[in-house]
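Worksheet: one structure, shown below.
None of the values given here were measured: they were computed from a predicted structure. Heavy atoms only: backbone and side chains are in, while hydrogens, waters and symmetry mates are out.
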Amino acid sequence: MRLSRYFLPVLKETPAEAQIVSHRYMLRAGMIKQASAGIYSWLPLGFKVLRRIEQIVHEEQQRAGHIPMLMPTLQSADLWRESGRYDDYGEEMLRISDRHGRDMLYGPTNEELITDIFRSHVSSYKDLPLTLYHIQWKFRDEIRPRFGVMRGREFYMKDGYNFDLTKEDALHAYNRHLVSYLRSYERMGLQAIPMRADSGPIGGDDTHEFLVLAETGESEVFYDSQITDLKFGDRAIDYDDHAQCQAVLEEFTSRYARTDETHDEAVFNQIPEARRRSARGIEVGQIFYFGTKYSDAMGATVQGPDGKPVPVHMGSHGIGVSRLAGAIIEASHDERGIIWPEGVTPFHCGIVNLKAGDAEADAACEALYASLMALGLEPLYDDTDERAGGKFASMDLIGLPWRITVGPRGLKNGVVELTSRRIGDSEELPPEQAIERIAQIYGKLSAE
Ligand code: P5A
């Protein structure tokens with residue numbers, strides 16, 4: 001993308017309404033614009049990040065064997081009356097009536113809708129196990145929407161629902177989600193710690209929240225510091241293997257890690273004092289096993305092996321896709337702006353032309369731009385005639401992990417400058433080598 005043709009409304013001033021760094025940087029970098037309280041438009045740069053997060057979630061869900069689909073945002077109140085949640089959900093639910101006076105609502109979550117789909121089409125245990133998911137906008141009329149996309153009223157969520165014949169199979173689905181979530185967050189450059197939590201209006205006793213440690217987080221958390229040493233990494237996992245998934249769950253949940261809702265001071269105090277931590281965290285996901293709560297209420301049964309109808313065991317599993325854009329910034333920034341992890345960066349690298357209009361500099365930038373694109377990479381080429389200082393400040397603010405700077409002085413010696421946004425150091429090298437380096441970083445070079 002050429003910056004001169006892009007839409008990147010970067011702000012120079014810090015917006016007064018933004019209290020936390022991710023909100024400030026998302027506004028300043030032209031990623032989002034508030035439409036009304038807790039509701040945002042995603043401008044092109046923000047939209048790209050949202051898409052990249054979403055793509056990782058899709059890939060990891062499908063790797064785990066979960067099936068994508070799409071349900072609507074507007075739902076009929078009738079289904080929620082069946083489960084009993086229409087009255088229970090309270091003021092967070094946005095209730096709407098259509099021209100015929102029918103009660104509708106903007107879905108805050110989809111347990112009822114998916115259970116209705118399931119009971120309409122699945123009647124035999126032979127069709128189990130089944131896990132369906134979608135990524136769709138939700139609405140919760142939060143009393144205090146704040147911190148930009150972190151606590152929105154309209155927000156983008158991945159929600160998945162498992163249907164299983166037995167509790168044991170449903171707990172395997174729970175474990176599978178835990179593993180796939182660990183992988184997803186790590187690919188986004190985040191450490192998200194599963195913590196024992198409270199199930200709230202979703203229900204059930206088994207639930208973990210995934211928390212990214214950050215001072216600005218809304219949740220108070222307590223944990224054993226050893227848990228932060230755990231990495232899922234690039235291990236191979238067979239998602240159908242119950243024992244393997246259970247082992248990962250045990251590894252990642254055996255040390256103390258709880259939100260304030262389930263915190264138990266007596267148990268916490270058994271950890272050696274030097275390892276006890278209390279901190280704040282951002283909840284970027286939550287998994288639930290709630291057994292037959294919805295299948296009992298809504299009559300979602302299958303014919304079991306003995307021919308008798310049995311209610312299915314269910315769970316639901318959510319990732320806060322739009323919240324993650326903010327959470328990643330909270331975890332990765334400095335005083336100059338965002339520092340995107342390579343996994344979610346909106347552009348793979350920036351190209352800064354220090355002397356737009358200079359024939360040699362222009363030609364070198366064009367060549368770099370074309371070569372990177374030919375490798376399947378997306379550079380953002382600043383071809384504008386702004387001052388160098390302004391160009392650098394904007395690039396730093398929008399946080400692309402790599403920048404190639406091209407100027408007449410370097411070109412005389414046959415070099416450009418490659419700069420890491422994270423480390424901050426620069427290296428002079430011939431343009432071909434800069435391209436090769438970037439291609440290597442993003443795994444775009446075929447093995448020689
Ligand atoms: C699980 C999927 C559920 O709703 N039903 C379907 C279950 N869980 S949850 O924990 O309530 O939400 C899942 C994730 O969505 C994000 N989230 C939000 N993001 C932005 N603004 C909000 N107001 C908001 N509310 C929830 C969180 O990341 C949460 O973990």
Side-chain angles (χ1 to χ4, degrees), residues 61-62 64-72 75-89 107-134 158-181 196-208 237-250 253 285-318:
Q61 286 311 296
Q62 287 168 57
H66 306 157
I67 305 169
M69 61 178 294
L70 186 60
M71 288 174 269
Q75 304 181 20
S76 158
D78 293 344
L79 288 175
W80 288 71
R81 291 200 173 98
E82 274 190 59
S83 72
R85 284 207 296 179
Y86 189 62
D87 294 325
D88 291 354
Y89 217 95
T109 175
N110 283 47
E111 280 79 7
E112 284 77 0
L113 201 53
I114 196 84
T115 305
D116 181 53
I117 292 170
F118 179 87
R119 72 179 171 186
S120 306
H121 296 288
V122 182
S123 54
S124 165
Y125 76 96
K126 290 182 189 148
D127 295 325
L128 305 181
L130 180 66
T131 295
L132 299 166
Y133 79 93
H134 73 160
K158 170 262 160 182
D159 40 326
Y161 304 85
N162 67 283
F163 300 91
D164 289 280
L165 182 62
T166 62
K167 177 172 181 180
E168 196 226 317
D169 286 351
L171 289 176
H172 172 58
Y174 185 91
N175 298 349
R176 222 171 42 229
H177 280 89
L178 180 123
V179 177
S180 68
Y181 281 23
R196 206 192 283 180
D198 181 60
S199 67
I202 306 293
D205 297 327
D206 289 280
T207 183
H208 283 92
I237 183 120
D238 175 356
Y239 280 103
D240 290 330
D241 186 325
H242 287 221
Q244 263 188 43
C245 292
Q246 175 69 22
V248 176
L249 172 105
E250 280 165 20
T253 62
Q286 188 164 6
I287 53 177
F288 302 82
Y289 163 72
F290 41 69
T292 58
K293 172 177 168 172
Y294 297 90
S295 42
D296 281 337
M298 297 180 65
T301 57
V302 290
Q303 198 175 47
D306 59 2
K308 294 204 184 101
V310 275
V312 282
H313 286 259
M314 291 174 60
S316 71
H317 316 275

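- Closest approach of A297 and S83 over heavy atoms only: CB-CA, 4.1 Å.
- Counting heavy atoms from C-beta on, the side chains of P108 and W80 come closer than 4.5 Å.
- Not a single donor-acceptor pair under 3.5 Å links the side chain of D206 to the backbone N or O of Y289.
- Distance check: E112 CD to R81 CZ gives 12.5 Å after rounding to the nearest 0.5 Å.
- Inter-residue side-chain proximity for P68 and Q62 is flagged as met; some heavy-atom pair is nearer than 4.5 Å.
- Pairing each heavy atom of A300 with each of T115, the nearest pair is CB-CG2, 3.7 Å.
- For the pair G318 and Y181, the tightest heavy-atom approach, listed with the atom from each and the gap, is N-OH, 3.2 Å.
- No salt bridge links R85 with D88; every basic N to acidic carboxylate O contact stays at or beyond 4.0 Å.
- For the residue pair D127/Y125, the side-chain donor-acceptor check at 3.5 Å is not satisfied.
- Between F290 and F288, the angle of the ring planes lies from 30° to 60°, which puts this pair in the tilted group.
- Between H317 and H66, the ring center distance fails the sub-6.0 Å criterion.
- With hydrogens and angles left out, the side-chain atoms of S316 and E111 include a donor and acceptor closer than 3.5 Å.
- Remark: T292 OG1 to D296 CG distance equals 3.5 Å, nearest 0.5 Å.
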So I67 and T131, side-chain contact (heavy atoms from CB on, under 4.5 Å) or not? Walk me through it. CA-CA 6 Å; I67 305 169; T131 295; over 6 Å; no
Applying side-chain contact (heavy atoms from CB on, under 4.5 Å), run through V312 and D164 and close with a yes or a no. CA-CA 6 Å; V312 282; D164 289 280; over 6 Å; no
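- Expressed to the nearest 0.5 Å, how far CG of L132 lies from CZ of F118 amounts to 9.0 Å.
- Looking at heavy atoms from C-beta onward, M71 lies in side-chain contact with I114 at the 4.5 angstrom threshold.
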Candidate pair K126 and Q303, rule side-chain contact (heavy atoms from CB on, under 4.5 Å), full reasoning: CA-CA 9 Å; K126 290 182 189 148; Q303 198 175 47; over 6 Å; no
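- Side-chain contact of Q244 with D238: a donor-acceptor pair under 3.5 Å is absent, judged by distance alone.
- Distance check, rounded to the nearest 0.5 Å: CD of Q286 to OG1 of T207 gives 3.5 Å.
- I287 contributes atom CD1, which lies 4.0 Å from atom OH of Y174 (distance to the nearest 0.5 angstrom).
- Side-chain contact between N175 and V248 is absent, with no heavy-atom pair separated by less than 4.5 Å.
- Of the possible polar contacts, one joining the Q75 side chain to the T109 backbone as a donor-acceptor pair under 3.5 Å is found.
- Residues E82 and R119 share a closest heavy-atom pair of OE1-NH1, 2.7 Å.
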Starting from the C-alpha separation in whole Å, work towards a yes-or-no answer on side-chain hydrogen bond (donor to acceptor under 3.5 Å, both in side chains) for D169 and H313. CA-CA 8 Å; D169 286 351; H313 286 259; over 6 Å; no
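- Listed for the H172 side chain is no donor-acceptor partner under 3.5 Å among the backbone atoms of E168.
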After noting the C-alpha distance and the side-chain angles of H208 and T253, does the key distance pass the side-chain contact (heavy atoms from CB on, under 4.5 Å) rule? CA-CA 9 Å; H208 283 92; T253 62; 3.6 Å; yes
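- Taking the side chain as every heavy atom from C-beta outward, V310 and L165 approach each other to under 4.5 Å.
- Judged by distance alone, the side chain of H134 and the main-chain N or O of M69 form no donor-acceptor pair under 3.5 Å.
- In this structure, CG on N110 lies 10.5 Å from CG on L79, to the nearest 0.5 angstrom.
- Cation-pi geometry between R176 and Y239 is not satisfied (NZ or CZ under 6.0 Å from the ring centre, within 45° of the ring normal).
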